[in-house]
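Sequence positions, counted from 1, serve as the residue numbers for this chain. Just so it is clear, the values below take in all heavy atoms, side chains as well, and ignore hydrogens, waters and symmetry mates.
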Amino acid sequence: MSTIIQIKNISKVYGKTHVLKDVNLEIKKGEIIALLGPNGAGKTTLISIICGLVNKSAGSVIIDGFDNATNFRKAREKVGLVPQELHLAMFDKVVNTLHYSRGLFGKKRNEKHINELIEKLHLSDKKNQEIRSLSGGMKRRVLIAKALAHQPKILFLDEPTAGVDVELRKSTWNLVKQLRQSGVTIILTTHYIEEAESIADRIGIINKGKLILVDDKKTLMKRLGKKHIQINLANPIEEMPQKLKDLSLELSEDKINLYYHFKDKKEYQNIPLILQTIKDCGLNINELNTSKSSLEDIFVDIVNDEY
Ligand SMILES: Nc1ncnc2c1ncn2[C@@H]1O[C@H](COP(=O)(O)OP(=O)(O)OP(=O)(O)O)[C@@H](O)[C@H]1O
Ligand SMILES: [Mg+2]
């Protein structure tokens, strides 16, 4: 896949605070990349810098061949941005704000495209209403439609599903999938990590202004994911026998479950020995359950390690 955005050595300083520290990232044409990170990590700042809304302190951003500092207009028109904050002209009608937004990028008026967007975002019955009369979730749909009004090749979605109901979250992600199928490159942030896990091709993790990891989702899950086995005992135990401690088992607080975490084949091969040792200790097993770590578990591990 070719590169559509090249971010090199981006830093941002507010006063004495370094909010972005030497961020390097290549975004590939047609991919969905999710940027994850705790509150204040620098996600919105990075997106705002790429879209040219915030000045960088150092570094460069090339969008589809155009430098966003020396060729701002050309670079900006490639990009649609759904901002985290709801900034809208409250007295405008929905349909007018969309036409206006398209016009700002010098694109010809296109009733068909705008009407399609209105339909896709389930805004048909609100089309001629003033924006101030819409609910928060509906305003967010207008923001998404606005970002797409000029048919950009690249779409940034900064927390598009924060504070929206389940239905709208689902339809937003469906729209994102459709857009990707039509060739749009998508960069998104979300605190719903399981949603990022289901939709993204690549995951980037930002913490304290540093991009600490970028990887293909599948590779990341394989590399950092762990499997767990839960051994539910027939009766609670007072203390874990030393023999089981030596096999790296953990005892749950309610003293009825033993846990074993394993990563690779070698550790997996210990399971028969573990089960035999449990038996040898005179304990009876009620049930065995296995599970895999989710992207959320991996995220929490990585971010906590950094503290
Ligand atoms: N205009 C500004 N002036 C000073 N500091 C700022 C400004 N904008 C952002 N910051 C600081 O930069 C840091 C990164 O903020 P940013 O909004 O990029 O975080 P974020 O990762 O998007 O967080 P969230 O998940 O809460 O949206 C924060 O410490 C924030 O306080
Ligand atoms: Mg943010």
Side-chain angles (χ1 to χ4, degrees), residues 1 23-26 28 31-39 41 43 169 173 177 188-307:
M1 265 197 278
V23 174
N24 288 282
L25 177 65
E26 277 185 16
K28 297 169 195 168
E31 74 170 334
I32 299 183
I33 180 162
L35 299 175
L36 309 179
N39 290 136
K43 304 175 298 292
R169 260 159 55 196
W173 297 132
K177 282 184 199 155
L188 59 93
T189 73
T190 177
H191 288 282
Y192 296 102
I193 300 181
E194 71 279 19
E195 291 175 0
E197 184 176 346
S198 82
I199 202 166
D201 303 305
R202 279 201 306 158
I203 306 284
I205 298 183
I206 301 183
N207 194 23
K208 296 183 198 158
K210 277 195 286 187
L211 184 62
I212 53 176
L213 175 149
V214 192
D215 219 332
D216 195 71
K217 180 182 63 189
K218 286 185 191 136
T219 318
L220 179 72
M221 306 287 293
K222 244 192 205 156
R223 192 161 62 85
L224 297 176
K226 280 187 190 156
K227 290 185 181 168
H228 319 275
I229 183 162
Q230 182 202 48
I231 304 152
N232 180 241
L233 301 171
N235 299 297
I237 53 173
E238 279 294 301
E239 213 189 329
M240 183 132 77
Q242 187 58 43
K243 272 188 188 169
L244 294 177
K245 275 189 196 159
D246 294 345
L247 287 166
S248 309
L249 261 75
E250 286 168 18
L251 181 62
S252 64
E253 260 178 44
D254 56 7
K255 316 237 180 214
I256 189 99
N257 291 307
L258 297 171
Y259 290 100
Y260 179 59
H261 307 286
F262 57 98
K263 225 176 166 174
D264 49 26
K265 223 174 161 181
K266 197 168 144 254
E267 289 175 354
Y268 176 74
Q269 283 168 347
N270 272 341
I271 293 175
L273 173 65
I274 288 171
L275 297 178
Q276 185 59 47
T277 314
I278 291 174
K279 227 174 145 189
D280 294 348
C281 292
L283 305 174
N284 290 322
I285 296 169
N286 183 39
E287 202 177 23
L288 288 181
N289 292 301
T290 53
S291 61
K292 270 193 218 164
S293 52
S294 63
L295 180 59
E296 185 156 339
D297 301 328
I298 296 173
F299 172 78
V300 171
D301 277 354
I302 293 175
V303 170
N304 286 344
D305 272 1
E306 284 271 309
Y307 277 101

Show your working on side chain to side chain contact (heavy atoms under 4.5 Å, CB included) between Arg202 and Lys28 and close with a plain yes or no. CA-CA 10 Å; Arg202 279 201 306 158; Lys28 297 169 195 168; 4.1 Å; yes

Is [X] atom [atom1] crowded by more than 12 heavy atoms from other residues, nucleotides or ligands, each under 6.0 Å away?
X	atom1	answer
Lys279	NZ	no
Tyr268	OH	no
Glu239	CD	no

Quick one: do His191 and Asn39 satisfy side chain to side chain contact (heavy atoms under 4.5 Å, CB included)? Show the steps, please. CA-CA 9 Å; His191 288 282; Asn39 290 136; 3.5 Å; yes

Just one of [options] clears the side-chain contact (heavy atoms from CB on, under 4.5 Å) bar with [X], so which one?
X	options	value
Leu36	Thr189, Ile193, Leu188	Ile193
Leu224	Leu295, Asp301, Asp215, Leu213	Leu213
Asn286	Leu233, Asn232, Asn235, Ile256	Asn232

Just wondering, do [Y] and [X] contact through their side chains at under 4.5 Å, heavy atoms?
X	Y	answer
Ile278	Leu244	yes
Leu258	Met240	yes
Leu25	Ile33	yes
Glu197	Glu296	no
Asp254	Pro236	no
Thr190	Ile199	no
Lys226	Asp297	no
Ile231	Leu249	yes

How are the rings of His261 and His228 set to each other: parallel, tilted or perpendicular (split at 30° and 60°)?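 Aromatic pair His261/His228 classed perpendicular.
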
Is Ser293 reaching over with its side chain to a backbone N or O of Ile298, donor-acceptor style, under 3.5 angstrom?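 No, Ser293 side chain to Ile298 backbone: no donor-acceptor pair under 3.5 Å.
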
Decide side chain to side chain contact (heavy atoms under 4.5 Å, CB included) for Asn270 and Phe262; before the verdict, give the C-alpha distance in whole Å, the side-chain angles of both, and the deciding distance to 0.1 Å. CA-CA 9 Å; Asn270 272 341; Phe262 57 98; over 6 Å; no

I'd like to know if the side chain of Asn289 pairs up with that of Gln230 as donor and acceptor (distance under 3.5 Å, no hydrogens or angles considered).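 Distance-only check passes for Asn289 and Gln230.
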
